[in-house]
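Take a look at the structure set out below.
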Amino acid sequence: MKTIKLFSLSILLLFISKVTGQEFKLGKVSIAELQQKVHPKDSSAAAAILYKKGKTRLEYDVNNGFLTVTEVETRIKIYKKEGYDWANQNVLYYNESDFKEKVSFSDAVTYNLVDGKIEKTKLKSDGVFDEVVNKYRARKKITMPNIKEGSVIEFSYIIRTPSDRVIREWDFQTSIPVNYSEFKTYIPEYYVFNSRQKGYVFPKIITAKESKTIVFQNKERTGGGGFSAVKTDYSVQNVNYTETQTTYVAVDFPAMKDEAFVNNIDNYTSSIQHELSMTKFPQAETKLYSVDWDAVVKTIYKYDDFGSELNKTGYFEEDLKKKLEGKNTSEEKILVVFNHVKENVKWNDYFGYNCDSGVKKAYKEKTGNIADINLMLTAMLRYAGLTANPVLVSTRSNGISIFPNRTAFNYVIAAVETPNGNVLLDASDKFSTPNVLPFRALNWYGRLIRKDGSSEEVDLMPKKSSNDVVFMNYSIDAEGKITGKTRRQCTDYNAMITRDNVSGLKEDEYLEKLENKNNKIEISDYSRTNEKDLLLPIIESYSFTGNNLCEVIGGKIYISPMLFFTNEKNPFKQDVREYPVDFGFPFTDKYNITLQIPEGFTAEVLPEPVVMNMEDNLGSFKFNIAPAGNGLQINIQHQINEAIVSTEKYEMLKEYYKNMIAKQTEKIVLKRI
């Protein structure tokens with residue numbers, strides 16, 4: 001067994017030495033790199049990372065102890081104009097008053113081939129600037145000069161972090177091919193970091209240990225009493241320790257190809273993450289950090305700007321007591337409290353599970369971040385006698401955490417425990433309702449925390465189908481002009497999306513968008529019902545006319561029965577799907593259509609009725625068409641029953657969409673009698 005392990009290690013060492021033997025070094029751009037017209041393994045690539053090397057070390061500072069220093073150097077090839085954006089680079093960093101990171105770029109050069117010679121253009125100071133992102137973070141940005149098709153750019157940067165607990169995530173993949181990526185960590189024996197990889201392709205790993213020494217210079221003054229002079233003695237103390245050096249190497253990793261219905265491509269990108277688990281310094285007690293989710297949430301609950309905010313009630317009691325009078329059921333109380341928060345405190349667009357202003361100040365000033373609003377909501381629900389608890393969430397943009405850590409979450413909502421399950425609430429969105437969260441919060445699972453410190457995983461993904469029901473009645477004249485009426489009714493998430501689409505737009509602006517989207521129809525008699533009554537379906541009704549909704553060829557009329565509601569393209573085109581399909585929520589689309597045949601015409605060709613059911617009750621499609629008086633009655637239903645569809649079911653889903661779209665786009669043919 002030992003022989004096999006030694007053999008495997010020797011092969012890995014040979015691989016590492018062979019790859020690193022390519023001598024990746026800033027300033028050593030070759031003519032061959034500049035001459036290359038397309039990427040050798042991906043001709044569609046607009047750019048490629050030729051190499052990217054990073055190292056993070058815990059460095060001892062005599063004044064501040066161990067700090068984290070990250071150094072990165074990168075070389076990128078630009079193949080096409082579409083790749084010019086890669087000349088704009090940025091690094092996000094913390095910029096709080098008590099926690100400031102420092103970022104500095106250097107060695108930034110653009111290389112071009114001019115008359116067979118390499119031309120260098122260095123980055124000037126006006127190409128470097130800082131951008132404030134929010135009160136916690138800023139972004140250091142550079143814009144590389146003299147970019148052309150064929151350019152190669154190089155740059156390096158250093159991040160100095162005033163903490164020994166943070167190792168930044170390292171991505172081995174991105175939206176362009178990566179020829180070579182290397183990341184190295186240097187961790188003293190006093191620290192234990194948990195590391196986790198994600199993605200579908202993984203780097204090679206090699207670990208080594210090395211002896212290190214910290215030199216302490218001590219200064220001691222003696223004397224000064226009576227007639228004796230002050231004497232200063234200097235001494236040096238060496239502390240030896242072992243440093244673990246881990247190297248991750250990725251070679252020829254493909255570009256991440258964005259696919260339809262992917263919630264966040266970063267969730268599937270090959271990367272390495274580190275989380276501090278434990279420290280064990282000499283002559284000090286071992287200190288545990290994030291070991292499991294229970295430990296994580298207990299730590300978060302104890303934060304002054306989290307758990308203690310839930311205990312504050314005096315600022316709202318008088319207002320809420322009046323509104324709760326006569327409300328006896330849980331449903332009534334939930335709605336009263338939920339609407340009270342939504343009406344009185346607006347979201348300031350900042351995420352976070354830690355309060356910013358604090359619940360009392362946010363209530364007084366009528367604005368706050370996510371935690372201010374939803375921890376306040378939780379406290380009010382508890383005051384109303386409900387079993388309410390906060391639920392920690394990682395938003396879609398933040399990605400999915402792959403192991404327990406405090407930075408996994410960036411959001412918090414409220415949950416009320418009832419005999420029928422949890423009712424999830426987020427008062428930061430004006431269109432949200434109980435169990436209909438903002439789309440940004442629908443990211444697989446959250447973590448509910450109770451007062452006693454216990455916690456449990458909470459499924460955030462909706463189970464109830466959101467409906468989109470269309471009633472349409474239209475007629476066609478002999479020239480192919482169509483005149484009709486539509487009534488569209490949306491519930492739950494479809495209603496939230498519709499309300500968000502119409503919010504803030506004047507009716508004329510909205511109708512212009514609707515007309516352009518629907519094949520240049522002309523809309524009249526538009527009305528909207530239940531726009532502000534969020535518990536009811538939102539309903540849109542309008543009349544329409546269109547001259548481009550069917551074809552007249554050789555005296556025959558060819559028409560797709562669903563008109564502008566027809567799905568014409570299959571969103572699932574890849575032969576192999578690498579990521580789950582994320583619809584966000586289950587849904588049912590129904591169309592009840594009455595088509596009036598023009599006088600003097602009859603139906604020559606009608607699409608055949610069909611019923612398609614996917615396995616495991618994933619979804620179904622039903623299409624039926626039948627004569628009705630002097631017209632046709634068409635009933636169509638498209639239903640998907642799972643918010644997230646695994647890659648194992650992709651082939652079935654792809655085939656389902658292919659057949660559904662083929663049926664939707666089949667033409668009715670009308671001929672003259």
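Positions are given from 1 along the sequence. Hydrogens, waters and symmetry mates are skipped; everything else that's a heavy atom, side chains included, is used.
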Exercise. Would you say the ring centroid of Trp86 lies under 6.0 angstrom from that of Phe155?
Worked result: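 No, the ring centres sit 6.0 Å or more apart.
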
Problem set entry | Proximity of Tyr241 and Phe281 rings by center, below 6.0 Å |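 Aromatic pair excluded; centres sit 6.0 Å or further apart.
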
Problem set entry | Test side chain to side chain donor-acceptor pair (under 3.5 Å) applied to Asp294 and Ser455, step by step | CA-CA 6 Å; Asp294 282 337; Ser455 71; 2.6 Å; yes

Problem set entry | ring pair (Phe, Tyr, Trp, His ring centres under 6.0 Å) against Trp347, all qualifying residues, sequence neighbours excluded |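 Ring pair (Phe, Tyr, Trp, His ring centres under 6.0 Å) check on Trp347 returns Phe351.
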
Show me the donor-acceptor pairs within less than 3.5 Å that the side chains of residues 573-582 make with the rest of the protein, sequence neighbours left out.
unit_1	atom_1	unit_2	atom_2	d
Arg577	NE	Glu259	OE1	2.9
Arg577	NE	Tyr579	O	2.7
Arg577	NH1	Glu259	OE1	3.4
Arg577	NH1	Ala260	O	2.8
Arg577	NH2	Ala260	O	2.7
Arg577	NH2	Phe261	O	3.2
Arg577	NH2	Pro580	O	3.2
Asp582	OD1	Arg396	NH2	3.2
Asp582	OD1	Gly584	N	2.9
Asp582	OD2	Asn263	ND2	3.4
Asp582	OD2	Arg396	NH1	3.3
Asp582	OD2	Arg396	NH2	3.2

Exercise. Between Thr247 and Ile205, does a side-chain contact (heavy atoms from CB on, under 4.5 Å) hold up when you go through it step by step?
Worked result: CA-CA 6 Å; Thr247 305; Ile205 305 172; over 6 Å; no

Test item: side-chain donor near acceptor, [X] and [Y], under 3.5 Å:
X      : Y      : answer
Arg139 : Tyr93  : no
Lys209 : Thr244 : yes
Ser156 : Ser106 : yes
Glu73  : Tyr51  : yes
Asp164 : Tyr191 : yes
Gln245 : Glu243 : yes
Asp356 : Asn369 : no

Problem set entry | Residues, nucleotides or ligands: over 12 heavy atoms within 6.0 Å of Phe193 CZ |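 Above 12, so yes.
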
Flag the pair [X] and [Y] as a salt bridge only when some basic side-chain nitrogen lies within less than 4.0 angstrom of an acidic carboxylate oxygen.
X      : Y      : answer
Lys55  : Glu182 : no
Glu33  : Lys28  : no
Arg57  : Glu59  : yes
Glu189 : Lys212 : no

For this session: Please identify each residue that fulfils side chain to side chain donor-acceptor pair (under 3.5 Å) with Thr367, with sequence neighbours left out.
Result: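 None.
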
Nearest-0.5 Å distance, [atom1] of residue [X] to [atom2] of residue [Y]:
X      : Y      : atom1 : atom2 : value
Ser428 : Ile370 : OG    : CD1   : 3.5 Å
Asn443 : Ser397 : CG    : OG    : 8.5 Å
Ile147 : Tyr84  : CD1   : OH    : 8.0 Å

Shortest non-hydrogen contact between [X] and [Y], atoms and distance:
X      : Y      : value
Ile449 : Leu392 : CD1-CD1, 3.4 Å
Asn267 : Ile400 : OD1-N, 2.7 Å
Asp171 : Ser181 : O-OG, 4.1 Å
Thr68  : Ser163 : OG1-O, 2.6 Å

Can I get a per-line list of side-chain donor-acceptor pairs under 3.5 Å for residues 34-43, giving both atom names and the distance, sequence neighbours left out?
unit_1	atom_1	unit_2	atom_2	d
Gln36	OE1	Tyr79	OH	2.5
His39	ND1	Lys41	N	3.1
His39	ND1	Asp42	N	3.2
His39	NE2	Asn179	OD1	2.8
Lys41	NZ	Asp252	OD2	2.9
Asp42	OD1	Ser44	N	3.2
Asp42	OD1	Ser44	OG	2.5
Asp42	OD2	Lys257	NZ	3.4

Problem set entry | Row check, Trp170 ring normal vs Lys52 NZ/CZ: under 6.0 Å, within 45° |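 Pair Lys52/Trp170 counts as cation-pi.
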
Problem set entry | Qualifying residue, where the test is side-chain hydrogen bond (donor to acceptor under 3.5 Å, both in side chains) with Tyr411 and the options are Asn374, Asn398, Thr395, Asp426 |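 Of the listed residues Asn374, Asn398, Thr395, Asp426, the side-chain hydrogen bond (donor to acceptor under 3.5 Å, both in side chains) partner of Tyr411 is Asp426.
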
Exercise. Under the side-chain hydrogen bond (donor to acceptor under 3.5 Å, both in side chains) rule, what pairs show up with a residue in residues 142-154, not counting sequence neighbours?
Worked result: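 As it turns out, the side-chain hydrogen bond (donor to acceptor under 3.5 Å, both in side chains) pairs with a partner in residues 142-154, which skip direct neighbours, are Arg75-Glu154, Asn88-Thr143, Tyr111-Glu154, Asn112-Ser151, Glu119-Asn146, Thr121-Asn146.
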
Problem set entry | Partners meeting salt bridge (Lys or Arg N to Asp or Glu O under 4.0 Å) with Asp266 (sequence neighbours left out) |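 Listed in chain order: nothing, the list is empty.
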
